[in-house]
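Reviewing the structure listed below.
All of these numbers come straight from a predicted model, not from anything done at the bench. Each ligand, and each atom within it, is numbered from 1 in the order the structure gives. Numbers here are sequence positions counted from 1.
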Amino acid sequence: MRLGILGSGQGSNMVAIAEQCASGALPAVVSVVISDVENAGILSRARGMALPAVYIAPGPYRTKLDESAEQEYVRVLKEANVEWIVLAGFMRIIKSEFLEQFWGKVVNIHPSLLPSFPGLEAWRQALDYGVKFTGCTVHIVDHGIDTGPILGQEIVPVLDSDTPKTLHSRIQEAERRLYPAVLRELAMDQIGIQGRRSHRK
Ligand code: GAR
């Protein structure tokens, strides 16, 4: 299974996935890593692991890619022959022109138990709301924001002593377990999806 990983941040999910590919635990290869942030940790960490790493300028908008940027993302992903697109902290909305090229083959990790707390800084939303449990979710990307069919979730308890930083860091530990595990199931063709509901085959 050939993966194209997109991220805007530190790249801890990308590293966890790439390490499991390298060890053989995840039967996949990271074909390309792309970022919309030129100096993002995800690019330097990918280069450190000898993975192809590309910066593609996003254009003038803050929350989405402009049309020519989007075409360039699609071109690079197709050139790398990727089968699955793995969003790993990619902080822009993927619009339908891009999505339709890879429909059903784009996955995302979100730092909450969806459908609770979609959008930005989900760990802070959880803390402010006062929930006792939150976690992370891997889902297929559809036209909405954090709305597609859920493939896997891991629960993380919220502690009385948590700050946004400590809670996010424990959620990220869970992400590093969950994301490679779900990708492994996809690679082994062990997940079926009917409507919104996924099941193990
Ligand atoms: C992760 O916690 C991921 O869940 C979150 O960004 C972080 C990226 O960390 N994504 C979102 O909030 C998407 N809405 P990383 O760059 O170290 O993998």
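- Here the protein heavy atom with the shortest distance to atom 16 (O) of ligand 1 is G11 N, 2.7 Å.
- In this structure T147 satisfies the side chain to side chain contact (heavy atoms under 4.5 Å, CB included) test together with D142, sequence neighbours excluded.
- At a 4.0 Å heavy-atom cut-off, ligand 1 does not touch E121 at all.
- Separating the CZ atom in R176 from the CE atom in M14 is a distance of 12.5 Å, to the nearest 0.5 Å.
- Side-chain contact between V54 and V32: present, with at least one pair of heavy atoms (C-beta onward) separated by less than 4.5 Å.
- Considering backbone and side-chain N/O atoms, W123 never comes within less than 3.5 Å of an N/O atom of ligand 1.
- Annotation: atom 8 (C) of ligand 1 to nearest protein heavy atom, G89 CA, 3.6 Å.
- Here E175 has side-chain heavy atoms under 4.0 Å from ligand 1, and that is the only part of it that gets that close.
- Side-chain N or O atoms of Q125 include one that pairs as donor or acceptor with a backbone N or O of P118 at under 3.5 Å.
- Taking only non-hydrogen atoms, the option from S12, S112, G41 nearest to atom 17 (O) of ligand 1 is S12.
- Ion pair E173/R170 not flagged as a salt bridge, since none of the NZ, NE, NH1 or NH2 atoms sits closer than 4.0 Å to an Asp/Glu carboxylate oxygen.
- Here the shortest heavy-atom distance to atom 13 (C) of ligand 1, taken over R45, Q10, M91, belongs to M91.
- Ranking protein heavy atoms by distance to atom 9 (O) of ligand 1, first place goes to Q172 NE2, 3.0 Å.
- Note: R200 CZ to I191 CD1 = 4.0 Å, rounded to the nearest 0.5 Å.
- The ligand atoms of ligand 1 that sit less than 4.0 angstrom from a heavy atom of N13 are 1 (C), 18 (O).
- Heavy-atom proximity to G9, at under 4.0 Å, picks out these atoms of ligand 1: 16 (O).
- Annotation: atom 11 (C) of ligand 1 to nearest protein heavy atom, P111 CD, 3.7 Å.
- Residue D146 has no N or O atom closer than 3.5 Å to an N or O atom of ligand 1.
- Under a 3.5 Å cut-off, the side chain of S31 and the backbone N or O of V82 do not form any donor-acceptor pair.
- Ring geometry for W123 against H168 counts as parallel: the plane angle stays under 30°, on a 0 to 90° scale with 60° as the upper cut.
- Among all protein heavy atoms, the one lying closest to atom 14 (N) of ligand 1 is H110 ND1, 3.7 Å.
- Between I109 and ligand 1 there is a heavy-atom distance shorter than 4.0 Å.
- Taking the centre and axis of the six-membered ring of Y61, the NZ or CZ atom of K64 falls inside the cone set by 45° and 6.0 Å.
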